[in-house]
Number of protein chains: 2
Amino acid sequence: MYRIGEFSKISRIPVSALRYYGDCGLLPPQAIDPQTGYRYYSAAQLPRLNRILALKDLGLSLEEIGSLLDGELPAAELRGMLRLKSAEISHAVTEQQQMLSRVEARLRLIESEGTMPEQEVVLKELDPIHVLSIREVVDAPTKIGDLIGDGFAALMPAGVMPTAPCFALYHDPEFKPDEVDVEIAFPVGDEVTVAPNTPGGRAFQARTVPGGKAAVTVHHGGYDTIDEAYGRIGSWIADNGLKFAGPPQEAYLTQPDDPAGPVTEIRFPVE
Amino acid sequence: MYRIGEFSKISRIPVSALRYYGDCGLLPPQAIDPQTGYRYYSAAQLPRLNRILALKDLGLSLEEIGSLLDGELPAAELRGMLRLKSAEISHAVTEQQQMLSRVEARLRLIESEGTMPEQEVVLKELDPIHVLSIREVVDAPTKIGDLIGDGFAALMPAGVMPTAPCFALYHDPEFKPDEVDVEIAFPVGDEVTVAPNTPGGRAFQARTVPGGKAAVTVHHGGYDTIDEAYGRIGSWIADNGLKFAGPPQEAYLTQPDDPAGPVTEIRFPVE
DNA sequence: GCTTGACTCTCAAGTAGCTCGAGACCCCAT
DNA sequence: ATGGGGTCTCGAGCTACTTGAGAGTCAAGC
């Protein structure tokens, strides 16, 4: 029978960890002196301790280990657990590798630029969103503002309030400045399916814009400099080895009269 | 100005996380109503939030992000930080991969054996340890017990108490049952350098057994079945792609009169 | 028998990055 | 005035321990 310090020395596990394993029932001491509370361990407990360590080494949590050890090892269950773990770990590995490649991309970027960019591109998960939208081919990007105005003008009096900032979807496979196929979407509750025509006589369509992963960045400033944001997001997508997966979106996050200037969010569905 | 729920919707960050970022100074709300405590955010804060997310995505902690953002980005420091992170992540990746291969080795083992072994092999870090030792070539493994007895008989009267269980080192490059080159080591304090000869007339030598990683398992039971443990540890080392790195050790963890039977720990320095 | 120093005990708090819940307050529409 | 949904603060919970405070224990030397 060893005292905890000696047992710690021969097992090479810190005293505090041994106490912890004891307290949570994983490795109770062989005996506890009822007078002094001293824990006493025996060498015969090393196999159990080693099994705990080995399972921990496989990435199992102490709780999982406990149920395995006390459940007398139903081999099938252990197999299932390990298969799960294996999937989990290989998922973690690919995630880490992606993180590594992101870090390295960022390092290259810093070495070439000498500094960090003002705006970042991040990957986000978009929820599917139900909208009322109008789609039209316009001959100049500035007409988009008019479309939005018309849309609001039709919806507000009808008592339909957008539930999130409105946004545009660009359906052109490539950009043509004098023939833009654009859809203006107003997020609304799921139950809203009809709306009056716009002042320009256009009809709303109710549909659900699909969700999924998207590369997202924001542009802070006038519309004439928005190309920066598009350039940034494009090279980020390339750097991270992703692919376009749907029409890009442009969300208008500020009121037209915001003193801090307009803020636009650009979202490219990817992968 | 958005309330926290709206800002959460457009940033797709949970309210609780926004509050947390605000509380720890990373992203304080643009304004807080002093009457109600309501937090108000503006779209102009999205760039900062995105930067936080991007840096978090690179694996930086919130504290590191804070110091980078508030320290106005000394590019050199950021570079250093990222290089550190990069090394850290690739280290984590190789560790995870090793864990994965251990899990898969274990899975294979279960599929072939149908159950889990009673004893485990684990990798531990050995500390260098100062010992008094006697080395001799004996013609039968059973003579090792006599050597240990002689060693104790010499040390105890001289007031030298071992500080840890004594162990044997096997110096043979290969095993020969009738000619075993064995060293019996008694761990002692650093300051102990001399001891009387043993009853058999053998001289102690003071030396430090080097530390390092070792594959460790314990054998519970008589010496005649210790081959199981050697077999186990040998195949474990092979399965995990390690190499022997020094003479194996056998530590005797129990007193000869322990009612639960003897317990022996076997350690193979590796890599 | 007393002191000293090493060891051990219990209990509480800290770690990172949030999430969740309780109980109270606020805002807006009817 | 009321009701429902949003928001507030504060505290606990998550993992696997580590660290520290304050008190009790053990063995050896005087």
Side-chain angles (χ1 to χ4, degrees), chain A residues 1-41 49 52-67 69 85 88 92 99 156 159-161 163-164 189, chain B residues 1-41 49 52-67 85 88 92 99 156 159-164 189:
Chain A
M1 299 283 262
Y2 301 104
R3 291 197 304 192
I4 198 169
E6 302 161 314
F7 194 67
S8 158
K9 231 188 261 169
I10 66 180
S11 62
R12 283 168 293 270
I13 299 299
V15 170
S16 57
L18 288 177
R19 272 200 274 255
Y20 183 68
Y21 292 157
D23 288 352
C24 64
L26 260 192
L27 185 78
Q30 178 111 345
I32 298 184
D33 185 325
Q35 305 299 317
T36 66
Y38 273 34
R39 295 164 177 84
Y40 290 92
Y41 294 85
L49 177 53
I52 292 171
L53 297 177
L55 292 172
K56 197 161 75 75
D57 217 36
L58 300 181
L60 300 182
S61 71
L62 296 192
E63 199 181 349
E64 292 167 321
I65 295 171
S67 66
L69 289 186
K85 261 307 163 214
E88 208 172 277
M99 186 190 283
M156 301 286 280
V160 177
M161 279 296 289
T163 55
Chain B
M1 300 284 259
Y2 300 104
R3 291 197 304 192
I4 199 170
E6 302 161 316
F7 194 66
S8 158
K9 233 188 259 169
I10 67 180
S11 62
R12 281 167 293 269
I13 298 297
V15 171
S16 56
L18 288 176
R19 273 200 274 256
Y20 183 69
Y21 292 158
D23 289 351
C24 65
L26 260 192
L27 184 77
Q30 178 110 344
I32 297 185
D33 186 325
Q35 306 299 317
T36 67
Y38 273 35
R39 297 162 174 85
Y40 290 93
Y41 294 84
L49 177 53
I52 293 171
L53 298 177
L55 293 173
K56 197 159 74 74
D57 218 36
L58 300 181
L60 299 183
S61 71
L62 296 192
E63 199 181 350
E64 290 168 322
I65 295 171
S67 66
K85 260 307 163 213
E88 208 172 277
M99 186 190 282
M156 301 285 282
V160 177
M161 278 295 290
T163 56

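Lettering follows sequence order; numbering is per chain, from 1. As a basis for the values below, the full set of heavy atoms in this structure was taken, side chains included, without hydrogen atoms, waters or symmetry mates.
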For DNA chain C, what residues of residues 58-66 of chain B have any heavy atom nearer than 4.0 Å?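 The stretch gives B:S61, B:L62 as the residues lying under 4.0 Å from the strand, ordered by number.
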Given the rule in the side-chain contact (heavy atoms from CB on, under 4.5 Å) test, do B:M99 and A:D57 qualify, once you have shown the distances and angles that lead to the verdict? CA-CA 7 Å; B:M99 186 190 282; A:D57 217 36; over 6 Å; no
Sequence-distant partners of B:D33, side chain to side chain donor-acceptor pair (under 3.5 Å), two or more places apart: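 Partners of B:D33 under the side chain to side chain donor-acceptor pair (under 3.5 Å) test: none.
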Run the side chain to side chain donor-acceptor pair (under 3.5 Å) test against A:S61 and tell me which residues pass, sequence neighbours left out.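 So A:S61 forms a side chain to side chain donor-acceptor pair (under 3.5 Å) with A:E64.
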Using the C1' atoms of the five pairs at each end, what is the angle between the end axes of the helix from C:dG1-D:dC30 to C:dT30-D:dA1, to 10°?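 About 40°, once rounded to a multiple of 10°.
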5'-most contact on DNA chain D: A:D33 or B:V15, nearest heavy atom basis?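 The residue whose closest nucleotide sits nearer the 5' end is B:V15.
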Closest approach of [X] to [Y] (non-hydrogen atoms, all atoms of both residues):
| X | Y | answer |
| --- | --- | --- |
| A:I52 | A:L26 | CD1-O, 3.8 Å |
| B:M1 | B:Y40 | CE-CB, 4.0 Å |
| A:V15 | A:G5 | CG2-CA, 4.2 Å |
| A:Y41 | A:L18 | OH-O, 3.7 Å |
| B:P29 | B:G22 | CD-CA, 4.5 Å |

Could you name each residue pair satisfying salt bridge (charged side-chain N to carboxylate O under 4.0 Å, His left out) that touches residues 9-23 of chain A, not counting sequence neighbours?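 Counting only pairs at least two positions apart or across chains, the salt bridge (charged side-chain N to carboxylate O under 4.0 Å, His left out) contacts touching residues 9-23 of chain A are A:R12-B:E265, A:D23-A:R39.
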By a strict heavy-atom criterion of less than 4.0 Å, which residues belonging to residues 3-12 of chain B are in contact with DNA chain D?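 When residues 3-12 of chain B is checked for heavy atoms under 4.0 Å from DNA chain D, the hits, listed by number, are B:R3, B:I4, B:G5.
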Tell me which residues in residues 18-30 of chain B put a heavy atom below 4.0 Å from DNA chain D, sorted by number, or none.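 DNA chain D contact set from residues 18-30 of chain B: B:R19.
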[atom1]-[atom2] distance between [X] and [Y], expressed to the nearest 0.5 angstrom:
| X | Y | atom1 | atom2 | answer |
| --- | --- | --- | --- | --- |
| B:M161 | B:T163 | CE | OG1 | 9.5 Å |
| B:L62 | B:L27 | CG | CG | 11.5 Å |
| A:I4 | A:I13 | CD1 | CD1 | 11.5 Å |
| A:L49 | A:Y21 | CG | OH | 7.5 Å |

Heavy-atom contact window of chain A on DNA chain D, given 5' to 3' at under 4.0 Å: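 Range of nucleotides within reach of chain A: D:dA16 to D:dC26.
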Under the side-chain contact (heavy atoms from CB on, under 4.5 Å) test, residues paired with A:E6 that sit two or more places apart: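 Scan of A:E6 (side-chain contact (heavy atoms from CB on, under 4.5 Å), adjacent residues dropped) gives A:Y2, A:R3.
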Qualifying residues under side-chain contact (heavy atoms from CB on, under 4.5 Å), relative to A:P28, sequence neighbours excluded: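 side-chain contact (heavy atoms from CB on, under 4.5 Å) list for A:P28, sorted by chain: empty.
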What is the first contacted nucleotide of DNA chain C and what is the last, in 5' to 3' order, if contact means an atom lying under 4.0 angstrom from a heavy atom of chain B?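 Nucleotide range in contact with chain B: C:dG17 to C:dC27.
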Quick check on DNA chain C: between B:Y40 and B:S16, whose nearest nucleotide comes earlier from the 5' end?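 The answer here is B:S16.
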Tell me every residue that passes salt bridge (Lys or Arg N to Asp or Glu O under 4.0 Å) with B:E88, counting only those two or more places apart in sequence or in another chain.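 Partners of B:E88 under the salt bridge (Lys or Arg N to Asp or Glu O under 4.0 Å) test: B:K85.
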